[in-house]
Amino acid sequence: QVQLVESGGGLVQAGGSLRLSCAASGSIFSINAIFSINAMGWYRQAPGKQRELVAGFTNGGSTNYADSVKGRFTISRDNAKNTIYLQMNSLKPEDTAVYYCRVVVATRSLNTYEYWGQGTQVTVSS
């Protein structure tokens with residue numbers, strides 16, 4: 001199993017910055033059972049709205065971003081720490097949402113699993 005622990009959310013004024021972290025842990029790492037990480041990314045969901053992809057890594061390691069955050073957000077990772085990050089700059093009130101990290105892994109037993117973080121609130125005031 002995998003647990004994704006998110007941190008870094010909070011309240012910030014428009015134009016400010018936050019960095020979200022998502023650290024993965026669990027028995028799947030302890031027993032060296034992960035064969036590959038097939039997807040990693042950040043999603044967000046505002047009240048009354050659909051959950052949307054914010055930023056993610058493709059299977060080739062490149063990045064993609066929602067049009068609304070391009071030029072402002074940067075996704076990165078630290079493989080040694082099993083952690084992904086979302087650097088958010090020039091925040092806008094419309095960025096206010098609960099942010100979730102998502103990881104899809106393939107195990108050495110050739111099964112694929114999807115995991116979600118618990119969510120971290122980002123609130124941007126005007």
Side-chain angles (χ1 to χ4, degrees):
Q1 60 182 15
V2 170
Q3 296 84 43
L4 303 180
V5 179
E6 302 175 2
S7 61
L11 281 66
V12 65
Q13 292 183 339
S17 298
L18 289 172
R19 190 180 77 157
L20 306 183
S21 300
C22 176
S25 63
S27 60
I28 194 169
F29 294 96
S30 299
I31 64 176
N32 194 31
I34 293 179
F35 178 76
S36 64
I37 299 175
N38 293 340
M40 298 183 293
W42 290 93
Y43 294 73
R44 69 186 181 188
Q45 187 167 20
K49 294 183 172 59
Q50 295 281 93
R51 183 173 57 191
E52 64 174 342
L53 173 68
V54 177
F57 287 103
T58 69
N59 58 357
S62 61
T63 57
N64 59 271
Y65 298 90
D67 288 341
S68 60
V69 307
K70 285 181 179 177
R72 300 188 297 118
F73 290 11
T74 303
I75 188 171
S76 61
R77 65 184 186 273
D78 186 334
N79 292 333
K81 297 180 179 179
N82 296 319
T83 301
I84 61 173
Y85 305 91
L86 184 67
Q87 179 67 47
M88 304 184 294
N89 299 325
S90 301
L91 283 161
K92 304 175 180 179
E94 51 263 44
D95 295 319
T96 295
V98 177
Y99 285 70
Y100 301 89
C101 63
R102 172 182 178 265
V103 176
V104 179
V105 304
T107 67
R108 292 190 176 276
S109 59
L110 304 182
N111 296 314
T112 300
Y113 300 94
E114 180 186 55
Y115 300 95
W116 290 89
Q118 81 283 357
T120 184
Q121 177 71 47
V122 172
T123 302
V124 184
S125 64
S126 60

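This structure is a prediction, so every number in the text was calculated from the model and none was measured.
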So do [Y] and [X] actually touch side chain to side chain, heavy atoms under 4.5 Å?
X	Y	result
M88	V122	yes
T107	F35	no
T63	T58	no
N64	L53	yes
N38	T112	yes
R44	E52	yes
V12	T123	no
K81	N79	no

So, [X] side chain and [Y] main chain: donor-acceptor pair closer than 3.5 Å or not?
X	Y	value
Y65	I75	yes
R102	G41	no
E6	T120	yes
T96	E94	no
Q87	F73	no

Do [X] and [Y] share a hydrophobic cluster, counting only Ile, Leu, Val, Met, Phe, Trp and Tyr and linking them when any side-chain heavy atoms are less than 4.5 Å apart?
X	Y	value
F57	Y43	no
V124	L18	yes
V54	L91	yes
W116	I84	no
L86	V103	yes

For the atom pair [atom1] ([X]) and [atom2] ([Y]), what is the distance rounded to the nearest 0.5 Å?
X	Y	atom1	atom2	answer
M40	S76	CE	OG	9.5 Å
W42	Y99	CH2	OH	10.5 Å
S90	R72	OG	CZ	7.0 Å
S7	Y85	OG	OH	9.0 Å

Which is it for V105 and Y115 under the side-chain contact (heavy atoms from CB on, under 4.5 Å) test, yes or no, and what are the steps along the way? CA-CA 8 Å; V105 304; Y115 300 95; 3.8 Å; yes
Over all heavy atoms of both residues, which pair between [X] and [Y] is shortest? Give the atoms and the distance, please.
X	Y	result
A46	A97	N-CB, 3.8 Å
T83	S21	CG2-CB, 4.4 Å
L20	G9	CD2-N, 3.5 Å
S126	A14	CA-CB, 4.4 Å

Pairing donors with acceptors under 3.5 angstrom, does anything connect the side chains of S17 and N89?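 The answer is yes; a qualifying pair exists.
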Is any NZ, NE, NH1 or NH2 atom of the basic residue among D95 and K92 found under 4.0 Å from an Asp or Glu carboxylate oxygen of the other?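 No, this pair does not count.
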